[in-house]
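Inspection log for the structure reproduced underneath, given as C-alpha cells.
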Amino acid sequence: MKMYKLFVHFLVTISCSFSVLSLEVDTYDFLMPNVWPHKDELYLCTPIRISPKHNYYIVGFEPNATMHTAHHMLLYGCSEPGSNDSVWSCGEMQSNEIDNRYNTASPCRTGSQIVYAWARDAPSLQLPEGVGFLIGQDSAIKYLVLQIHYMHHFPENKLDNSGVFLKYTKTPMRREAGVILLGTGGVVGARRLEHMETACTMREEKTIHPFAFRTHTHALGKVVSGYVVRQKESGDEWHLLGKKDPQLPQMFYPVTHPTPIQRGDVLAARCTMNNTHSYPVSIGATNKDEMCNFYLMYWVEGGSPLQQKYCFSAGPPYYYWSRAPEGFNRIPDLEASTL
Ligand SMILES: *[C@@H]1O[C@H](CO)[C@@H](O)[C@H](O)[C@H]1NC(C)=O
Ligand SMILES: *[C@@H]1O[C@H](CO)[C@@H](O)[C@H](O)[C@H]1NC(C)=O
Ligand SMILES: CC(=O)N[C@H]1CO[C@H](CO)[C@@H](O)[C@@H]1O
C-alpha cells in the first residue's frame, strides 16, 4: 500500500514537472515607459503590438505596481489600439478638459475586451491550470493596451514605470480563455432605486466554464450580480455566478458556482442602483453618467471562445427581467440585490 502511494506520488511529481518543462513560459515586462502623472485622476495607456505571425497564450499576470501610485490597472485586448502614440490619456470617464501633455483616446479603437484587472489592496487572480488567453495570429487580439489610473499627481521629475509582467507561452493551451461582457443602457430616474438588467440565451454549440467575474459601475452602484438561468418545466433555476459591491476594488474575483454553461442556458446580470440625486442619471461615458457591467471570464476546452462577446439590453425603463422574451419565473429578486 505504501509503495503504491509512493508510486502515485512519484507519477504525479513526474507528470507535473513534465508539464512544467514542456511548457516554456517566458515573461514580457509590460510597463509604463517612464511616464509623468502630472495631474490627479489621470488615466494613461500604453500599447504593445503582438506579432501577427505567431500565436501566443498568456497564462499568468504578475502586477509590478505599488498601491500608492497605481489605483488600478486594466489590460485590454484590442484589434486596433486607440492611438498610435506610445502613451496617451485614456480615461473611461472622459472630461472636456484638454490635456496639454498627452493626447486623449479610448484604450482600443476596435475590438476592445478586458483580459486582466488589478486594483489596489486586492490579491491578483491566477488563470486556472492549462488555461491561456490566445493573442496574435489566430486571435482578434492584435494589440494589448495597459491602462493605469493614477489617482494623485507625481512631483516634478518623478517618473513611473508600473505595469504587469506577462507570463506567456507559444505552446498551444488546451483551454482557451475568453470574456463576455453583460451590460445595459438606460436611465435611473431621480431619487430612485433602480434595477438595470440584461439577459441573453446562449446560442453557440459550446460549453463554457466560468471562473472569474468583475463588476463595474460608477458612484450609484450598490450591488451587481450575475446568474446562469436554466429554464425547466418545473421552473427556472437561477445559479449565482457572482455578486459584488461595485464600490470595492473592481478586479476579477473567483465565481461563486463554477457551473458549466451550455447552449440554451441564459446569462443574466443585474445592477442595483441608488440614485440619490434630484435628477435622472443615464448610462454614458462621462463621470456624470453611470455604467452597469458584469464581466464573466471563462475557458473552453479544445476550441475557441464564444463569438458572442457582449450581452446588452436597453435597460430601464425599457427592459426588465420580468418582461424579457425568455419569460422568466422564480426571479431571485431579493438575493440579486443584497450582499
Ligand atoms: C495608426 O496608424 C495606422 C497606419 O498608419 C492608421 O491606419 C491608423 O488609423 C492609426 N490609428 C489611429 C488611432 O490614429
Ligand atoms: C438609497 O439612498 C438613500 C439616501 O442616501 C438611503 O436612505 C437608502 O437607504 C439607500 N438605499 C439602498 C438600498 O442603498
Ligand atoms: C513598483 C514596482 O514594483 N516596480 C518594480 C518593477 O520591476 C522592476 C524590475 O523589472 C523593478 O526595478 C521595480 O522596482
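Order of appearance sets the numbers: ligands from 1, and atoms from 1 within every ligand. Just so you know, residue 1 is the first one in the sequence shown, and it goes up from there. Just the heavy atoms: all of them, side chains too, but no hydrogens, waters or symmetry mates, feed the values below.
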Got a sec, which residues hit side-chain contact (heavy atoms from CB on, under 4.5 Å) with T201, two or more places apart in sequence or on another chain?
R203, V266, E326
Considering only N or O atoms, set out every pair between ligand 2 and the protein closer than 3.5 Å, with distances to one decimal place.
from	atom 1	to	atom 2	distance (Å)
ligand 2	2 (O)	N274	OD1	3.4
ligand 2	2 (O)	N274	ND2	2.4
ligand 2	11 (N)	N274	ND2	2.9
ligand 2	14 (O)	N274	ND2	3.2

Polar contacts were defined as any N/O atom of the residue lying under 3.5 Å from an N/O atom of the ligand; does this apply to S83 and ligand 1?
no
Linking directly or through intermediates, with side-chain heavy atoms under 4.5 Å: list the remaining ILVMFWY members grouped with L339, chain and number order.
V223
Other residues, nucleotides and ligands only: do more than 12 of their heavy atoms fall within 6.0 Å of OH on Y310?
yes
How does E80 reach ligand 1, if at all, at less than 4.0 Å between non-hydrogen atoms: by side chain, backbone, both, or neither?
neither
Considering only residues two or more places apart or on different chains, which pairs with a residue in residues 217-266 satisfy disulfide (SG to SG under 2.5 Å)?
none
For the residue pair K170 and Y57, would you count it as a cation-pi contact if the rule is NZ or CZ under 6.0 angstrom from the ring centre and within 45 degrees of the ring axis?
no
Among I283, V224, L220, find the residue that satisfies the side-chain contact (heavy atoms from CB on, under 4.5 Å) test when tested with M196.
I283
A student checking ligand 1 against G82 at a 4.0 Å heavy-atom cut-off should list atoms 13 (C)
Test log, rule side-chain hydrogen bond (donor to acceptor under 3.5 Å, both in side chains), inputs E335 and Y227:
CA-CA 11 Å; E335 185 202 74; Y227 288 87; 2.4 Å; yes
